[in-house]
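Since the structure comes first, as structure tokens, the remarks are kept for the end.
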Amino acid sequence: MRGRFKVFVSGAALVAMTFAGASTATAQEPAPAPAGQQPAAAPAEPEKPVFTFPQACQMCDVALITIFIKPDKTADFDMVLEKVKESLAKSENAERKQQAAGWTVFKSPTAVQGNAVYIMRLDPIVKGAEYDLMRIIAEVFPVEVQEIFAKYKDAFAGRGVTEMSKFMTMQD
């Protein structure tokens, strides 16, 4: 089994998760108020994040996300990453600035099962922050997000997420 890597997140799961992240909320029409009364304003519910940390480990402060991209679609995924970077930079949300400061993307020169390998290191994790790429893009580029999502979906071949807590350092 040496050299083989199993991906536990299917493309269908990515599509479902990303569609949830890229969709926009629609408001329901409130019921009419009784005659002579003003309708009560319903408080807006904030959208719940779809991809946050820590998911399994309450003490984790670092995560590695491995993303496998079809070899002929790396330029499309590179564009998606550029839009994420631009979205983080343009966002006025302080949490997004924290995320950007600790978010590094690596690209391996070696393919795994024929796919390009990108590794995102989140160090430190911004706990409770949204890490869904399409939701981050949608905050700044709401009109373009569906087109960007289509390219992402076409490029995606798999993903793995590893949450970690510090174990030791090799220097005193």
Side-chain angles (χ1 to χ4, degrees), residues 1-11 13-18 20-22 46-141 145 148-149 151-153 155-172:
M1 280 268 179
R2 189 170 214 174
R4 295 175 77 72
F5 188 87
K6 291 187 179 184
V7 177
F8 296 104
V9 177
S10 70
L14 168 77
V15 171
M17 184 178 80
T18 307
E47 285 189 38
K48 293 180 179 153
V50 295
F51 186 27
T52 62
F53 294 97
Q55 294 177 7
C57 175
Q58 294 300 315
M59 299 304 292
C60 296
D61 46 17
V62 176
L64 296 178
I65 303 170
T66 305
I67 300 179
F68 300 97
I69 298 297
K70 295 171 188 167
D72 61 332
K73 301 292 184 177
T74 58
D76 288 343
F77 187 64
D78 292 351
M79 180 275 304
V80 170
L81 291 176
E82 286 296 329
K83 281 294 186 187
V84 172
K85 180 178 180 177
E86 189 177 350
S87 297
L88 291 168
K90 287 183 175 182
S91 177
E92 294 181 13
N93 181 340
E95 193 170 68
R96 296 287 177 255
K97 303 300 183 201
Q98 287 179 301
Q99 286 175 280
W103 194 333
T104 305
V105 180
F106 300 89
K107 184 176 180 180
S108 176
T110 307
V112 172
Q113 295 183 343
N115 294 307
V117 180
Y118 292 77
I119 297 177
M120 297 181 185
R121 185 181 76 193
L122 310 174
D123 183 8
I125 294 169
V126 178
K127 296 183 192 294
E130 177 66 76
Y131 279 94
D132 179 77
L133 302 180
M134 293 304 112
R135 280 204 177 183
I136 292 169
I137 292 170
E139 290 175 2
V140 178
F141 301 103
V145 73
I148 295 166
F149 171 73
K151 289 185 182 292
Y152 181 38
K153 184 178 105 178
F156 184 80
R159 180 185 76 184
V161 177
T162 306
E163 296 172 84
M164 300 175 290
S165 56
K166 192 173 195 177
F167 178 65
M168 75 168 59
T169 61
M170 297 300 170
Q171 183 178 8
D172 288 329

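For K151, the NZ atom counts as loosely surrounded, since its 6.0 Å shell holds 12 or fewer non-hydrogen atoms of other residues, nucleotides or ligands. More than 12 heavy-atom neighbours from other residues, nucleotides or ligands sit within 6.0 angstrom of NZ on K107.
Using a cut-off of 4.0 Å between Lys/Arg side-chain N and Asp/Glu carboxylate O, R135 and E139 are scored as not salt-bridged.
Looking at K97, its side chain does come within 3.5 Å of a backbone N or O of S91 through a donor-acceptor pair. Checking side-chain atoms of K127 against main-chain N and O of C60 turns up a donor-acceptor pair under 3.5 Å. A distance-only check finds no donor-acceptor pair linking the side chain of E82 to the backbone of F77 [under 3.5 Å]. Using modelled atom types, no side-chain atom of Y131 and backbone atom of L122 make a donor-acceptor pair closer than 3.5 Å.
Here the straight-line distance linking atom CZ of F68 with atom CD1 of I119 works out to 8.0 Å at 0.5 Å rounding. Annotation: the span from T74 atom OG1 to M79 atom CE amounts to 12.0 Å, rounded to 0.5 Å.
Under the 4.5 Å side-chain criterion, counting only non-hydrogen atoms from C-beta, Y118 is not in contact with I65. Contact annotation: the side chain of N115 approaches that of P71 to within less than 4.5 Å [non-hydrogen atoms, C-beta and beyond]. Under the 4.5 Å side-chain criterion, counting only non-hydrogen atoms from C-beta, R159 is not in contact with T66. Counting only heavy atoms from C-beta outward, the side chains of I67 and M120 approach each other to under 4.5 Å.
Here the shortest heavy-atom pairing between M134 and Y152 reads CE-CD2, 3.5 Å. Residues E130 and I136 approach most closely at O-CD1, 3.5 Å, considering heavy atoms. Here the closest heavy-atom approach between residue V80 and residue I137 is recorded as O-CD1, 3.9 Å. Heavy-atom minimum distance, L64 versus M164: CG-CE, 3.4 Å. Contact between D61 and S165 at its shortest, heavy atoms only, is OD1-CA, 3.8 Å. When all heavy atoms of F106 and R121 are compared, the closest pair comes out as CE1-CB, 4.0 Å.
For the pair K83 and F141, the cation-pi test (distance below 6.0 Å, angle within 45°) is passed.
With sequence neighbours excluded, no residue satisfies salt bridge (charged side-chain N to carboxylate O under 4.0 Å, His left out) with D123. K73 is linked by a salt bridge (charged side-chain N to carboxylate O under 4.0 Å, His left out) to nothing, counting only residues two or more places apart in sequence or in another chain.
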